[in-house]
Amino acid sequence: MRETRPALAETLSRIGSLIGEGRSRDDVLDVEQLSNESGVPRDVVRMLLDGEEPPAEDITDRIVRRIVHLRETRLRPDGTRHSYDEIAASYGASRASLSNLVNSRRKAPSPQTPSPQMPSRQALSRQGLSEQVPSEQVLSEQVPSQQTGERRPARSGGPLASTQAGIETFFFGQPNGWLSAEPQTSLDNALQSVLHGLEREAADPMARLRGTHGLRELAARAPQLAEEELQLVTDWIDTILQRRNAQRVRGSGSDSSHTEGH
């Protein structure tokens with residue numbers, strides 16, 4: 001597995017080298033879309049794209065925030081949100097257990113005061129969140145110290161691990177660490193589709209014309225071009241298409257001759 005920070009830096013460097021002339025990073029990186037896909041807040045996405053370190057975030061708060069994000073962005077076919085009943089039932093928990101977890105962490109306690117809303121391990125267990133999961137799915141919960149209010153690692157294998165696995169399975173088909181992944185890892189994963197698209201463009205000059213930033217962009221700029229300039233663009237496209245068609249014909253002819261020879 002690639003290390004988080006070098007992986008993201010490597011991906012951004014590769015994207016930068018593939019953008020090419022006439023486009024900027026803003027033309028190919030949609031912060032809103034990256035935020036939706038990664039679960040990373042928009043302002044943090046911008047920080048990471050600029051090479052800055054994201055603010056520290058308690059892992060349980062991150063998981064709960066991303067649960068809310070999934071409900072708001074991964075909707076039913078009719079455009080409505082999945083209910084807590086539906087999600088919790090998919091992994092054998094109750095609606096109350098899930099909604100209580102989410103609501104308790106969204107009340108943003110003072111950093112100097114332990115949150116009275118934070119459910120204890122025993123309380124979560126009573127609410128049906130104590131299912132066991134395979135060891136590779138276990139994460140370390142973080143709970144507030146009763147003396148300082150600071151976050152400290154708890155024992156591995158708590159009820160939050162099975163909640164995470166169940167919710168990830170509901171939305172993604174299997175546990176994949178999406179809810180708890182560090183922001184750098186989440187953004188790097190979301191950027192892979194952009195990177196692969198740019199790599200396809202680099203391998204196929206016609207890919208950019210077929211894409212959103214190709215023919216649509218060209219059509220949008222058409223009114224700004226003089227008639228002679230439009231004709232030049234049309235002739236250029238025609239020449240490329242004719243060349244590709246000729247290559248296909250030659251390839252088909254070669255295949256036919258090879259078949260007849262046998």
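Position 1 is the first residue of the sequence, and the numbers go up from there. Side chains are part of it too, since the values below use all heavy atoms of this structure and drop only hydrogens, waters and symmetry mates.
- Checked by atom type and distance alone, the side chain of Arg65 pairs as donor or acceptor with a backbone atom of Gly39 at under 3.5 Å.
- By the 6.0 Å contact criterion, CD on Glu228 is open, its count of non-hydrogen atoms from other residues, nucleotides or ligands being 12 or less.
- The side-chain contact (heavy atoms from CB on, under 4.5 Å) test applied to Thr73 returns Asn36, His69, not counting sequence neighbours.
- Closest approach of Val102 and Val68 over heavy atoms only: CG1-CG2, 3.6 Å.
- A cation-pi arrangement is present between Arg71 and Tyr84 under the rule of less than 6.0 angstrom and at most 45 degrees off the ring axis.
- At distances below 3.5 Å, not a single donor-acceptor pair connects side-chain atoms of Asp188 with backbone N or O atoms of Gln184.
- By the side chain to side chain donor-acceptor pair (under 3.5 Å) test, Glu86 is found to be paired with Arg76, His82, residues two or more places apart in sequence or in another chain being considered.
- Arg81 pairs by the side chain to side chain donor-acceptor pair (under 3.5 Å) definition with nothing, not counting sequence neighbours.
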Got a list of side-chain donor-acceptor pairs under 3.5 Å for residues 40-47, not counting sequence neighbours?
residue: Arg42; atom: NH1; partner: Glu32; partner atom: OE1; Å: 3.4

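- Shown here are the side-chain contact (heavy atoms from CB on, under 4.5 Å) partners of Thr239, two or more places apart in sequence or in another chain: Arg243.
- Between atom CD1 of residue Ile67 and atom CG of residue Leu98 there is a gap of 5.5 Å, rounded to the nearest 0.5 Å.
- Checked against Ser186 for a side chain to side chain donor-acceptor pair (under 3.5 Å), the options Arg62, Glu37, Arg66 give a single hit: Arg66.
- With sequence neighbours excluded, the residues that form a side-chain contact (heavy atoms from CB on, under 4.5 Å) with Glu168 are Gln164, Phe172, Pro175, Asn176, Trp178, Leu179.
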